[in-house]
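Worksheet: one structure, shown below.
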Amino acid sequence: MHKSTYISAGGHALLLGYAMFGGLFNAEPLELPSMDVSVISEAEFAALTQTPQPPDVLADAPEPVFAAPELEPEPVVPTPEPEPQPRPEPPQFVVPEPVEPQPEPAPEPEAVVVPDIAPDASLRPKPRPAPRVAPEAVAAPEPEVEIDNTAREATQPDENAEQAVEEQSQAAPEDAATEIVTEAEQPAGSAPIATPRPRARPRESVASAPETSSAVNAALAEALGEPAASDVPSGPALTAGETDALRIAVQDCWVVDVGSLAADVTVVLGMSMDLRGKVVPGSLRLVSSSGGEGAAVDTAFQSARRAVLRCQKEGYDLPQDKYEQWQEIEMTFNPKDMRIR
Amino acid sequence: MTFRVMIAVLAMLAMPFVAVAQNGPLRIEITEGVVEPMPFAAPDFVAESTAANEFAEQLARVVVSDLQGTGLFREVPRAAYISQITSFDAPVQYADWKAVNAQALVTGAVNVNGTTLSVKFRVYDVFSGTEIGSGLQFAGTTQGWRRMAHKVADQVYARITGEQPYFDSRVVYVAEQGPKDKRLKRLAIMDYDGANVQFLTGSEHLVLAPRFSPTGDRVLYTSYETGFPRIYLLDVGSVQRRVLESQEGSMSFAPRFSPDGRTVVYSLARGGNTDIYRMDITSGTSARLTSAPSIETAPSYSPDGTRIVFESDRSGSQQIYIMGANGGEPKRISFGQGRYGTPVWSPRGDLIAFTKQSKGRFHIGVMKTDGSEERLLTASFLDEGPTWSPNGRVIMFTRETQGASGKASLYSVDISGRNLKPIPTTGGASDPSWSPLQR
């Protein structure tokens with residue numbers, strides 16, 4: 001035990017002695033590397049440390065890129081375009097004419113994507129003109145009048161001629177309406193309280209595959225001496241605008257008795273058309289009906305037939321180059337939206 | 001391999017052609033039409049004898065009035081006519097009638113032989129260039145020329161609209177005279193258009209709510225002849241009448257025939273309670289159909305006679321209920337705001353007409369027999385008491401104006417809510433009941 005005590009005391013004594021007298025055995029300090037310095041003047045120092053100062057007037061500064069204060073109204077495309085691209089047409093309700101198929105269809109011009117260069121500081125966008133579509137199909141404009149160089153005498157009314165009767169003045173219905181408003185529903189004031197129900201949007205004509213036997217039928221018809229189908233201008237399917245024009249023309253003459261049992265009946269009329277756009281006499285027929293029977297069906301059929309015949313006048317405005325597409329027509333007269341409500 | 005690739009490429013190129021081609025006829029659906037009167041022409045009928053001259057124009061005028069009165073037809077002014085009808089059998093110049101936009105053409109001829117009047121007519125669909133139906137002839141007396149005109153108009157209406165007609169019908173109503181506080185009332189009968197008025201009772205006693213029988217030869221009504229309301233049965237031809245219900249200490253009112261005409265359903269008030277009863281007209285035996293402590297009244301049979309619609313305040317407010325023809329638990333069908341009363345079942349069976357009082361105004365309305373699709377057709381200070389035309393297309397009712405000098409008059413309205421118009425009557429008129437089509 002004492003041995004370990006002596007060892008411990010000796011160890012501590014050595015440690016204390018080194019702490020007290022160890023500095024006597026320190027070596028010389030190592031030499032530090034030194035660098036040469038050059039002395040510069042105060043003016044030179046100021047020239048080295050000075051930063052560029054902004055001009056006094058901030059407005060004269062070049063605008064930062066993100067501010068875009070003077071954006072061009074026309075396409076904001078940061079990257080230079082190789083060639084001016086046609087802008088895609090705004091969306092129209094009227095489907096344009098079908099594009100003739102090309103062997104190598106050119107890729108559609110992609111819509112120009114304006115990169116979001118500075119979403120936080122963009123200017124108020126300019127309103128783009130909204131596409132406006134006439135509610136009804138309009139007829140083709142009258143051909144321009146050519147002024148003849150030769151002067152002609154003005155015509156004089158013939159007193160002996162018979163007076164022409166104004167036929168159309170009788171046609172204007174005084175109380176025609178597309179919606180029933182009963183006395184109980186009439187507003188107290190004259191101002192309308194609700195807008196009329198909008199017309200249905202034009203629907204695209206359904207296109208489908210041609211009959212595979214058309215060639216066989218054509219050959220058969222030719223063998224039988226009938227005019228070949230190829231003699232009839234076929235053309236592409238009618239556009240939605242063309243079918244819509246026909247629909248509007250007929251519906252303007254379709255008188256619906258909303259209180260009758262016939263107003264519950266939907267009828268499908270089939271008809272053949274000639275090249276002038278008129279119904280071939282005797283071809284109007286009832287294809288099918290639903291929602292009623294007996295006299296109600298017959299009344300609905302007669303009403304639809306009158307509409308077709310009354311509004312055809314000199315023929316419906318249908319493209320003759322697509323005659324094969326509308327040579328046979330089936331019209332469905334569905335008064336579900338006209339019923340008493 | 002190269003050939004197959006070429007075929008594939010050609011097939012791909014042909015795709016656009018396939019997409020625009022069309023199979024079968026061009027198909028178009030039309031869902032919007034117009035609601036407007038149909039223009040028609042009805043030249044003066046051809047007089048086939050000198051004595052027929054005075055009727056030739058009158059007959060055509062009544063036919064035109066009937067058709068135009070529906071609101072479904074509009075006469076093309078005669079000044080616009082291009083061709084004239086000088087012979088009943090001459091071919092029709094459709095182009096001339098098309099030119100004046102007449103969709104239908106009615107031609108007729110009249111002949112008088114002594115007191116016998118014969119009328120024949122044809123109806124044409126101008127734009128189809130065809131005759132609708134075939135020519136028809138009626139024979140009668142010169143005194144009945146107006147009714148014959150109604151018959152012609154009925155045929156024209158039915159052929160064009162496909163519906164049952166109603167022009168050859170009559171209306172029984174309460175004719176009123178004098179100021180409101182001293183008003184005299186008596187039963188009267190007239191043509192549906194207000195012509196040929198005849199009185200069935202005197203004005204000594206208050207009379208109410210006449211109702212035609214299904215055959216149109218009898219009328220039920222309520223009279224205060226004894227000081228209390230009693231139900232009477234009146235024969236229209238002989239004007240003979242008899243009391244139908246006379247229980248002591250009770251009041252009977254609001255009678256209505258069953259569809260077979262052999263039973264009467266009515267209200268009977270006794271001891272402060274009003275219930276619905278049924279009586280066999282021949283035997284006079286009656287049966288009680290309701291037994292609630294509330295007020296049940298204004299019963300009306302369904303066209304098939306299996307159900308009865310009536311008004312009751314058993315729920316706390318006046319509403320419309322339906323029960324079986326033999327009574328039983330009724331089912332409430334009206335749930336709108338306001339009070340509902342005087343329900344009447346349509347001859348078609350699909351609708352129930354009623355009077356509604358709501359927010360200080362009265363309405364005539366219709367609803368389906370399950371209470372759905374309620375539609376109010378009129379609105380005024382006081383509209384009440386609807387009655388159906390024989391074909392279930394038109395409703396006639398009483399409209400009374402406000403104030404001490406207020407006057408009751410008859411109006412009619414199409415069930416579509418269009419064509420609201422007054423019925424011309426001499427003096428005041430109320431409580432109409434439309435007869436069936438005359439035979």
Side-chain angles (χ1 to χ4, degrees), chain A residues 98 101 103 165 167-168 170-171 173 175-178 180-185 199-200 206-211 236-238 243 246-247 250-252 254-262 270 295-296 298-299 302 305-307 309-310 325-326 328-338 340, chain B residues 13-39 71-72 74 76-77 80-82 98-103 125 127-128 132 158 160-163 348 361 363-365 373 375-380 393 413-418 420:
Chain A
V165 179
E167 52 190 65
Q168 291 304 319
Q170 310 301 334
D175 51 353
T178 58
I180 305 275
V181 178
T182 68
E183 184 188 49
E185 297 167 340
R199 290 180 180 275
V206 178
S208 56
E211 291 183 5
L238 269 64
T243 56
L246 175 60
R247 175 175 27 251
V250 176
Q251 76 183 20
D252 285 348
W254 185 33
V255 179
V256 180
D257 179 5
V258 294
S260 70
L261 296 175
D298 187 56
T299 302
Q302 297 299 341
R305 185 170 73 166
R306 271 194 293 272
L309 296 176
R310 192 158 64 95
Q325 306 295 336
W326 50 267
E328 294 293 328
I329 299 179
E330 282 189 5
M331 284 189 191
T332 300
F333 291 81
N334 185 351
K336 65 180 180 183
D337 293 337
M338 303 273 306
I340 297 172
Chain B
L13 294 177
M15 288 298 288
F17 291 101
V18 173
V20 298
Q22 182 175 284
N23 186 21
L26 174 65
R27 291 186 172 86
I28 291 177
E29 182 174 21
I30 297 172
T31 58
E32 291 280 347
V34 293
V35 180
E36 65 179 18
M38 173 195 287
L72 304 176
R74 176 173 56 84
V76 174
Y81 290 179
I82 296 173
K98 274 185 193 175
V100 297
N101 199 28
Q103 295 186 37
D125 185 335
F127 283 85
S128 296
I132 305 175
I160 295 178
T161 66
E163 301 207 318
R348 287 182 184 174
R361 290 173 72 80
H363 307 271
I364 299 297
E373 298 186 24
R375 287 184 290 116
L376 300 181
L377 307 179
T378 72
S380 83
R393 182 61 199 261
V413 64
D414 189 90
I415 60 168
S416 64
R418 292 169 59 93
L420 174 69

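None of the values given here were measured: they were computed from a predicted structure.
- When heavy atoms are compared at a cutoff of 4.5 Å, B:L420 approaches chain A solely by way of its side chain, counted from C-beta outward.
- Of the listed residues (A:R310, A:R305, A:M331), the greatest number of heavy-atom pairs within a distance under 4.5 Å of chain B belongs to A:R310.
- With a threshold of 4.5 angstrom between heavy atoms, B:L376 approaches chain A through its backbone and through its side chain.
- Listed for the B:R74 side chain is no donor-acceptor partner under 3.5 Å among the backbone atoms of B:P37.
- Remark: the backbone N or O of B:T161 is paired with a side-chain donor or acceptor of A:T299 at under 3.5 angstrom.
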**Prompt:** Passes salt bridge (Lys or Arg N to Asp or Glu O under 4.0 Å), B:E29 versus A:K336? Steps please.
**Reply:** CA-CA 12 Å; B:E29 182 174 21; A:K336 65 180 180 183; 5.1 Å; no
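- Using modelled atom types and a 3.5 Å distance limit, the side chains of B:D414 and B:S416 yield a donor-acceptor pair.
- At a 4.5 Å heavy-atom cutoff, B:R361 makes no contact with chain A through either its backbone or its side chain.
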